Amino acid sequence: MSRKTVHIENFGCQMNKLDAQLVASAFEEAGFGLSQSVKDADVVLINTCSVRQNAEQRVISHLGHLKHIKESRPDIIVGVIGCMAQRLGEELFEHKAVDIVCGPAQIPKIVELATQAIKEKTKQLAVTEKIRKENQSEELEDFESAYGADGRGNSANAFVRVMRGCNNFCTYCIVPYVRGPEVSRPPKAIVEQVKHLACGGVKQVTLLGQTVNSYKYIAGEKTYCLADLFEMLSEIDGIEWLKFVTSYPSQEFFVPILKAMADLPKVCKYLHMPPQSGSDRILKAMNRKYTSAEYLDLLVKAREIVPDIAIAGDFIVGFPGETEDDFQCSISLLKKAEYKNSFIFKYSPRPDTAAEKRLADDVLPEVKKKRNIGLLAEQEKNSDKFSQKFFGKEVRVLVDGPSKKAKISSNEMGQLQLVGRTEQDCIVIFEGLRSLTGSFAKVKITRTSPLTLFGELI
Ligand code: SAH
Ligand code: SF4
Ligand code: F3S
């Protein structure tokens, strides 16, 4: 049998990006080649997201496209992995293109499933009814620590999961159903993994968890929290920046984490802590366990401990029953919070969540749209103010590489438009050599816009 190749397409959050990398490494380890396009791949995997309906719709229309391809190349194997695979399971086989359905807790099996599908030409299903048990399985932990550790992709950036799953059950959210219960990974495994990444040239590690600030691992007498991880990871040579997403607004561990940020130079001064709404009535209906005043107190505390911290938030507009007054509370919270940026989403009912079962999706689409635009406009003013503070300043940037808009041809000195991020997660655009990709650069900011800083290499 000639060497088979796999192509992976990714939808969804950073968790999914990491899973796609883990899966790619597992296939390489098993002797498969990686392919950049569907065209010459034997196996095509779609890593899916269920968080909003439009995320699922994009996958469905993509499957339609793959069905066409399969008509002329019937041997191609199509697999759906990730959150949508877990949510829909067998139902996905109704789609003619699909050969494999594999949920997030089952990814250690993915190579085996693909090999079977190629050999036997049969449909392969691996989703779990017992996600509670399987989220804690040794198999999953081994898969994460073995394959996440090789610094693939020649990048200076890596994601490392510190927690799987979520226990919060916010009433609108599908994540606990598809990703299972919260499990914190052993600190030793995380440290080993980061050491390995550092050896491979990784300079920035982003620690991932749905509620990353509630990381908690008990080993004998000692309880490890995120601040302990920061301390251990700060010792690792080669790692220069540590970031972490996403934080849930809670008092627990908050001060130690912020103190670690103030005291440990490698911990970046960036906090992504979504409020979701500014209305206490809506927060309650969402099963978020804080009031808007408690949330704002946390931000005051954060700024006391780390004065130059950059804070980002997420909001949902049009949650069931959200009145104009409730929406105005979100506007008011957004103004007071002085975010660097926020992500605003229109409520999308997710099957079998508490909100979908008990509450009517009663805010009209045009009202959701109007509120979305309203919050974004308010945020833009904040973001602009935040960006302007950098005018004329020198910032340190970890260079991601050529920007999307980089001209194919560089200028006579071989420079092209590069993009990178600062410690506070600000996007910076400047001209430089492609070879700066993956390294740190000093840039003087000469122009600002709400979401981007522009500058010159020093
Ligand atoms: N664990 C993170 C967020 C995970 S989902 C947290 O708790 O903050 C990412 C974002 O998607 C959420 O912050 C929320 O704003 C949004 N989101 C989740 N479910 C949604 C839904 N049903 N409709 C619209 N937005 C949703
Ligand atoms: Fe979803 Fe809430 Fe868990 Fe975030 S904390 S993943 S919004 S249930
Ligand atoms: Fe992420 Fe979407 Fe799953 S946001 S955890 S890929 S539902």
Side-chain angles (χ1 to χ4, degrees), residues 14 17 155-160 197-198 201-208 212 230 233-234 238-247 257-258 260-273 299 302-303 305-314 337-343 379-406 415-458:
Q14 286 149 324
K17 271 194 196 156
S155 158
N157 283 301
F159 295 120
V160 170
L197 289 165
V202 165
K203 295 179 180 130
Q204 168 176 274
V205 169
T206 304
L207 305 178
L208 298 183
V212 69
F230 288 152
L233 299 175
S234 283
I239 298 299
E240 300 210 33
W241 280 356
L242 293 165
K243 289 182 179 165
F244 60 106
V245 284
T246 305
S247 295
I257 290 170
L258 271 291
M261 194 184 276
D263 296 341
L264 299 170
K266 292 185 181 180
V267 181
C268 292
K269 297 185 165 83
Y270 173 70
L271 179 70
H272 182 194
M273 191 165 76
L299 298 196
R303 289 187 166 116
I305 305 173
V306 185
D308 51 346
I309 192 169
I311 302 174
D314 296 358
E338 296 184 32
Y339 295 113
K340 164 189 169 288
N341 65 299
S342 351
F343 302 93
Q379 177 57 47
E380 194 167 307
K381 292 186 212 158
N382 266 343
S383 298
D384 205 23
K385 224 163 78 190
F386 185 89
S387 286
Q388 280 171 18
K389 287 192 286 200
F390 292 95
F391 182 79
K393 298 239 166 76
E394 280 178 24
V395 293
R396 192 164 178 243
V397 176
L398 181 56
V399 183
D400 287 331
S403 76
K404 277 195 192 128
K405 284 191 201 144
Q415 291 188 323
L416 39 74
Q417 198 182 57
L418 298 174
V419 62
R421 284 187 189 247
T422 67
E423 181 195 1
Q424 291 171 311
D425 218 47
C426 298
I427 299 168
V428 181
I429 290 199
F430 61 102
E431 299 236 309
L433 295 175
R434 184 187 288 272
S435 57
L436 277 173
T437 301
S439 51
F440 285 97
K442 274 218 155 152
V443 177
K444 186 174 169 139
I445 302 305
T446 53
R447 183 160 72 86
T448 70
S449 77
L451 292 179
T452 317
L453 307 177
F454 301 86
E456 285 162 8
L457 195 64
I458 301 173

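Numbering starts at 1 and runs along the sequence shown. Model, not experiment: these values are computed from the prediction.
Here Lys340 pairs with nothing under the salt bridge (Lys or Arg N to Asp or Glu O under 4.0 Å) rule; sequence neighbours left out. Every residue two or more places apart in sequence or in another chain that forms a side-chain contact (heavy atoms from CB on, under 4.5 Å) with Asp400 is listed here: Asn157, Val419, Arg421. For Phe343, the ring-ring contact (aromatic ring centres under 6.0 Å, His included) partners at least two apart in sequence or on another chain are His272. Every residue two or more places apart in sequence or in another chain was checked for a salt bridge (Lys or Arg N to Asp or Glu O under 4.0 Å) with Lys442, and none qualifies. The salt bridge (Lys or Arg N to Asp or Glu O under 4.0 Å) check on Glu240 picks up Arg396, with sequence neighbours excluded.
Inter-residue side-chain proximity for Glu338 and Ile311 is flagged as unmet; no heavy-atom pair is nearer than 4.5 Å. Side-chain contact check for Leu299 versus Met273: some heavy-atom pair is nearer than 4.5 Å. Side chains of Val202 and Ser155 form no contact here, defined as non-hydrogen atoms less than 4.5 Å apart. Using a 4.5 Å heavy-atom threshold, the side chains of Leu197 and Val160 count as touching. In this structure, Phe430 and Val397 have side chains that are in contact, with non-hydrogen atoms separated by less than 4.5 Å. A 4.5 Å side-chain heavy-atom check between Leu208 and Val245 finds at least one atom pair inside the cut-off. In this structure, the side chains of Leu271 and Ser247 come closer than 4.5 Å at one or more pairs of heavy atoms. Side-chain contact between Arg303 and Ile309: present, with at least one pair of heavy atoms (C-beta onward) separated by less than 4.5 Å.
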Walk me through it: do Lys381 and Asp384 pass the test side-chain contact (heavy atoms from CB on, under 4.5 Å)?
CA-CA 5 Å; Lys381 292 186 212 158; Asp384 205 23; 5.7 Å; no

Kindly indicate, with the supporting measurements, whether the criterion side-chain contact (heavy atoms from CB on, under 4.5 Å) is fulfilled by Leu242 and Ser234.
CA-CA 8 Å; Leu242 293 165; Ser234 283; 4.0 Å; yes

Applying side-chain contact (heavy atoms from CB on, under 4.5 Å) to Leu207 and Phe230, what does each step give before you reach the verdict?
CA-CA 10 Å; Leu207 305 178; Phe230 288 152; 3.9 Å; yes

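A donor-acceptor pair is defined here as one N or O able to donate and one able to accept, closer than 3.5 Å; such a pair exists between the side chain of Thr437 and the backbone of Arg434. Under a 3.5 Å cut-off, the side chain of Lys269 and the backbone N or O of Asp308 do not form any donor-acceptor pair.
Under the 3.5 Å distance criterion, with hydrogens and angles disregarded, a donor-acceptor pair is assigned to the side chains of Lys243 and Gln204.
What you find for Asn382 and Tyr339 is that their closest heavy atoms are CB-O, 3.6 Å. Of all non-hydrogen atoms in Leu457 and Glu431, the two that sit nearest each other are CB-O, 3.9 Å. Residues Gln14 and Phe159 share a closest heavy-atom pair of CG-CZ, 3.7 Å. In terms of heavy atoms, Lys203 sits closest to Gly438 at NZ-O, 2.7 Å. Of all non-hydrogen atoms in Ala156 and Leu398, the two that sit nearest each other are CB-CD1, 4.2 Å. Phe244 and Ile257 make their closest contact through CZ-CG2, 4.1 Å (heavy atoms, listed as atom of the first residue, atom of the second, distance).
Counting heavy-atom neighbours within 6.0 Å of Lys17 NZ, excluding the residue itself, gives a total of 12 or less. Applying the 6.0 Å contact sphere to CD of Gln388 captures more than 12 heavy atoms from other residues, nucleotides or ligands.
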Cut-off 3.5 Å, no hydrogens considered: what does the side-chain donor-acceptor table look like for residues 443-454, sequence neighbours left out?
from   : atom 1 : to     : atom 2 : distance (Å)
Thr446 : OG1    : Phe454 : O      : 3.4
Ser449 : OG     : Thr452 : N      : 3.3
Ser449 : OG     : Thr452 : O      : 3.2

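To the nearest 0.5 Å, atoms NZ (Lys266) and CG (Leu233) are separated by 9.0 Å. With rounding to the nearest 0.5 Å, the separation of CE in Met261 from CG in Asp263 is 11.5 Å. Leu433 contributes atom CG, which lies 7.5 Å from atom CG of Leu416 (distance to the nearest 0.5 angstrom).
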